J.: 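Below is one structure. I have some questions about it.
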Number of protein chains: 2
Amino acid sequence: MAPSAAVQRRARARTTHLTAMAGCPTHRVLDRMGDRWVSLILKELAAGPRRHGELARSVAGATQKMLTQTLRVLQRDGLVARTATDSVPPSVHYRLTPLGESLLPVLATVTRWAERHIDDIDAARAAYDRTP
Amino acid sequence: MAPSAAVQRRARARTTHLTAMAGCPTHRVLDRMGDRWVSLILKELAAGPRRHGELARSVAGATQKMLTQTLRVLQRDGLVARTATDSVPPSVHYRLTPLGESLLPVLATVTRWAERHIDDIDAARAAYDRTP
DNA sequence: CAGGATCCATTGCGATACTG
DNA sequence: CAGTATCGCAATGGATCCTG
């Protein structure tokens, strides 16, 4: 059967909102910060420039692929700068750009809220799971 | 061939960090906020309680399934409260809990940064993509 | 040392249909 | 009106191997 008019209308509305959302700055930024390794990498780089290998060790949860991939994205967004000396062996440093540093206070705000309220969240979960 | 000692050591380190990360409050909160529909739902509920249908309209980008699913997660985390009157037809309201409201300023901080710097990000991307 | 390329399991999410 | 259930795809991320 052909889709009803209502279904079509809703599908159009969804598409409209999806494209609108793709441009929403808040959503774009949250999407980045929510990426699995971003907050860890930013936190590590906040303490100073790091070599690829150093990051690989301190952000040990990430596979090499994800580390590089995440760094590329951050670099593309202008949050992280990459400096390579093409010697042998190669030596590559990553550091926060001023833009990246300006994000740190935001991250700190989230961290502060998280640490203050994580217990509330856990309590809420426990309560929710206890009563089916 | 059997995996080398180094590979095993690294795998263990990854596992250790993964479990550590799973408990990191910052990471857990960012993960939530980064969920595709969370910020939109919170923003909508910040303006006052909403019925399921109202949310479905204003957060039109989400399918009905994702809307319900996201609301459940938020409810479980204690950020959103659900009130149902089991009449016919049913009427269900969602509203922010005090915990949910306490998150709004954090969201506002992110929004402010995002709106101030989204142009920088776009410029950085354009520059990055221009030079392969 | 840094990181590209590949293969593969998982799953997030959309589409659709059905219920009280 | 609000919500559950099922199917299926496409993207995500992990393991592994290879190179300048």
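Quick note on labels: first sequence line is chain A, next is B, and so on, each numbered from 1. These numbers come from the heavy atoms of this one structure, side chains and all, not from hydrogens, waters or symmetry mates. Predicted model, so just to flag it, every value in this text is computed and none were measured.
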J.: For B:Arg72, answer base if it contacts any base atom (sugar-phosphate contacts may also be present), sugar-phosphate if it contacts only those atoms, and nothing otherwise; contact means non-hydrogen atoms under 4.0 Å.
T.: sugar-phosphate
J.: Looking at B:Arg14, I want to see if its CZ is surrounded by more than 12 non-hydrogen atoms of other residues, nucleotides or ligands under 6.0 Å.
T.: yes
J.: Applying a 4.0 Å non-hydrogen cut-off, can you work out what B:Gln69 is touching in the nucleic acid: base, sugar-phosphate, or nothing?
T.: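 Answer is nothing: B:Gln69 stays at 4.0 Å or more from every strand.
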J.: For DNA chain D, whose closest nucleotide is more 5', that of B:Arg14 or that of B:Gly53?
T.: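 Here B:Gly53 is the residue nearer the 5' end.
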J.: Write down the atom of A:Thr26, the atom of B:Lys43, and the distance for their closest heavy-atom approach.
T.: OG1-NZ, 4.4 Å
J.: Both A:Tyr94 and B:Pro90 contact DNA chain C. Which one's nearest nucleotide lies toward the 5' end?
T.: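 So the residue in question is A:Tyr94.
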J.: Can you see which heavy atom on B:Gly61 is nearest to which on A:Leu18, and at what distance?
T.: O-CD2, 4.0 Å
J.: With a strict under 4.0 Å distance from non-hydrogen atoms of chain B, what nucleotide opens and what nucleotide closes the contacted stretch of DNA chain C, reading 5' to 3'?
T.: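 First-to-last contact on DNA chain C, by the 4.0 Å heavy-atom rule, is C:dC13 to C:dG20.
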J.: Do the side-chain N and O atoms of B:Thr68 and B:Gln64 include a donor-acceptor pair separated by under 3.5 angstrom?
T.: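 B:Gln64 and B:Thr68 do have a side-chain donor-acceptor pair below 3.5 Å.
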J.: Check this for me, if you would: do B:Asp122 and A:Arg28 make a salt bridge, where the nitrogen-to-carboxylate-oxygen distance has to be below 4.0 angstrom?
T.: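 Looking at A:Arg28 together with B:Asp122, the answer is yes, because their closest N to O distance falls below 4.0 Å.
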J.: For A:Lys65 and A:Pro89, find the nucleotide of DNA chain C closest to each by heavy atoms; which residue's nucleotide sits nearer the 5' end?
T.: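 Comparing both residues, the 5'-ward one is A:Pro89.
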J.: A:Met33 and A:Val38: which non-hydrogen atoms are nearest, and at how many Å?
T.: CA-CG1, 4.1 Å
J.: So, for A:Val29 and B:Ala114, which heavy atoms are closest and what is the spacing to 0.1 Å?
T.: CG2-CB, 3.5 Å
J.: Do B:Leu96 and B:Leu103 have side-chain heavy atoms sitting under 4.5 Å apart?
T.: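 A side-chain contact is absent here, since even the closest heavy-atom pair is not under 4.5 Å.
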J.: Reading DNA chain D from 5' to 3', where do the contacts with chain A start and stop? Cut-off is 4.0 Å to heavy atoms.
T.: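 Here the contact window of chain A covers D:dG13 to D:dG20.
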